[in-house]
Amino acid sequence: PVHDDEILLTHLLPSIRREASGQTLDIIVVADRCGADFLTRLRAEQGVRIFETKHLYGPSAARNLGAQKSSAQWLVFLDSDLRMEHGSLRTLEDFLASPGPYQSACGVDSDGDLIGRSPAARMMALWVHKTLTDIPQADSTFFGTRHAVVLRDLFLKIGEFSVAYERADVEDYEFSVRLSRFSRVKNLKSFLFTHRFPEAKKQRANYFRRARLYAPLMFRRQSDMGATSGSSGVSVVASLILVACMILIMIPGLAWKAEAMGLALVGLAASVASQRRGLASLHRRECRVLGFLLTLHFHLLMLLAGLGLITGHLENAGKLVLRQVRSVKRLWRFTWCWLHRNSPVYLIFFITGRCNARCSFCFNLETVMNPPDTDLTLEEIERSARSLPHLVQLTLSGGEPFMRQDIVELVGLFYTHSGVRNLTIPTNGSLTDLSLAKLREMALRFPELSVRVSVSLDAVGERHNELRK
């Protein structure tokens with residue numbers, strides 16, 4: 001995946017071609033809402049298949065799209081801000097020729113920064129490289145998406161990357177948890193890439209944000225954590241996060257799970273040695289003063305990660321409590337409405353006669369072919385919503401409901417005046433981008449609304465297409 005990243009053109013693609021030395025590779029680039037100038041230069045690249053997205057879907061969705069477009073047996077995922085080092089492609093070929101029991105593998109970052117912009121970036125590159133190369137095990141359970149290999153059939157079977165993460169966050173860990181049930185990940189220490197690590201300020205923001213997202217995954221899947229701990233760079237980071245948390249939980253008034261203390265103590269021994277090795281190497285490369293400042297920066301990263309972890313747990317706990325409160329409120333509202341029963345509690349609302357399909361079995365085909373301009377206005381709908389103060393369930397029908405441009409405002413009228421918290425929208429499923437945009441807007445504007453979308457399927461394969469014209 002790429003989003004206007006010049007390194008793809010200046011480093012990654014040239015390094016792949018250099019290593020390929022005449023071999024034919026199926027290189028797929030998913031341009032995730034890139035600018036016109038960048039796309040023009042990207043299209044000029046030879047031997048590259050390009051798939052463009054109109055909206056910024058994020059790296060997870062972009063990787064999934066690339067996997068769907070590929071027909072190869074093995075998938076190789078690479079971030080756009082990399083440079084392939086000499087001999088890496090040969091290492092990959094050797095693995096693919098004889099993978100043994102493994103169905104996935106991961107590469108390693110070199111100890112250099114691709115751009116060389118700051119000491120903090122070089123420090124991170126050195127630390128990550130030392131952590132990954134010092135791992136004694138031949139495999140792990142962590143699938144790092146920066147430079148990773150997996151069987152395509154297994155990738156699709158597991159369910160691809162979670163698109164719940166719109167940025168490069170913890171989608172790799174979430175996928176690793178699912179992957180670990182089928183295959184361990186081979187460590188290819190000679191599958192080497194130089195990465196563009198971020199500046200110090202962005203490192204601090206990343207550690208806090210990713211630790212916050214990592215927190216609910218950690219304790220939701222504790223049984224899977226044990227297999228991952230100590231076997232990858234991210235697991236060492238997790239150990240350091242837990243060490244920072246161990247210090248932070250001493251603050252009075254913070255409640256914490258008892259097992260977090262045990263995990264932090266175990267993580268202390270596993271992480272301090274790695275930290276000292278990396279920082280000692282750094283001291284030999286840089287002057288003493290700069291090395292000391294970078295050591296402080298490293299500890300600040302761990303502290304921010306610890307704060308992010310605590311924030312994530314508190315947010316997760318708050319969401320659970322809020323979810324329970326909403327469930328109780330819905331139950332009470334339904335009970336109250338049922339006891340009083342002085343107005344309808346369930347409404348099926350035909351909001352439009354327009355539809356983009358021409359199904360032969362449609363009972364309303366004549367109206368669909370020649371739709372009259374008789375849809376109710378928002379003012380008329382508002383009067384109806386005010387007259388139904390106790391609605392529990394609203395189902396929008398049609399036509400194709402998503403063809404009504406003001407569907408979000410329409411839902412808002414019933415959300416505000418009728419107290420609707422359960423919404424169902426049947427759809428033919430063909431207006432994907434439009435439907436997603438409207439549903440995303442509903443989710444942002446009506447946080448307490450539970451929406452169920454039912455997609456009409458009449459057969460499997462081409463038979464469905466014949467019926468749903």
**Asked** Could Arg63 and Asp79 be called an ion pair, given the rule that one side-chain N must be under 4.0 Å from one carboxylate O?
**Response** yes
**Asked** Considering all heavy atoms of both residues, which atom of Met84 and which atom of Ser15 are nearest to each other, and what is their separation?
**Response** N-OG, 3.0 Å
**Request:** Ignoring hydrogens and angles, tell me if any N or O in the side chain of Ser180 forms a donor-acceptor pair with the backbone of Val177 under 3.5 Å.
**Result:** yes
**Asked** Under 6.0 Å between the ring centres of Trp74 and Phe95?
**Response** yes
**Request:** Examine Phe143 together with Phe155 and report whether their ring centres are nearer than 6.0 Å.
**Result:** no
**Fill in**
Closest heavy-atom pair, Leu154 versus Ser183, reported as atoms and distance to 0.1 Å, is CD2-CB, 4.2 Å
**Request:** Provide the closest heavy-atom pair for Leu179 versus Ser104 in the form atom of the first, atom of the second, distance.
**Result:** CD2-OG, 3.7 Å
**Message:** Below 30° counts as parallel, above 60° as perpendicular, anything between as tilted: where do the rings of Tyr415 and Phe446 land?
**Reply:** tilted
**Request:** Compute whether any side-chain donor of one residue and acceptor of the other, for Asp109 and His147, lie under 3.5 angstrom apart.
**Result:** yes
**Between Glu85 and Thr194, a side-chain donor and acceptor under 3.5 Å** = yes
**Asked** Does Arg445 come within less than 4.0 Å of Glu409, counting only side-chain N to carboxylate O?
**Response** yes
**Prompt:** With a 3.5 Å cut-off and no angle check, do the side chains of Asn428 and Ser456 form a donor-acceptor pair?
**Reply:** no
**Glu6 and Arg41 ion-paired at < 4.0 Å** = yes
**Message:** Once rounded to the nearest 0.5 Å, what's the spacing between atom CE of Met442 and atom CD1 of Ile425?
**Reply:** 4.0 Å
**Request:** For the pair Thr91 (side chain) and Gly87 (backbone), establish whether a donor and an acceptor sit closer than 3.5 Å, ignoring hydrogens and angles.
**Result:** yes
**Prompt:** Are any side-chain N or O atoms of His3 and backbone N or O atoms of Asp32, one a donor and one an acceptor, separated by less than 3.5 Å?
**Reply:** yes
**Message:** If you count heavy atoms of other groups shown closer than 6.0 angstrom to NZ of Lys69, is the number above 12?
**Reply:** no
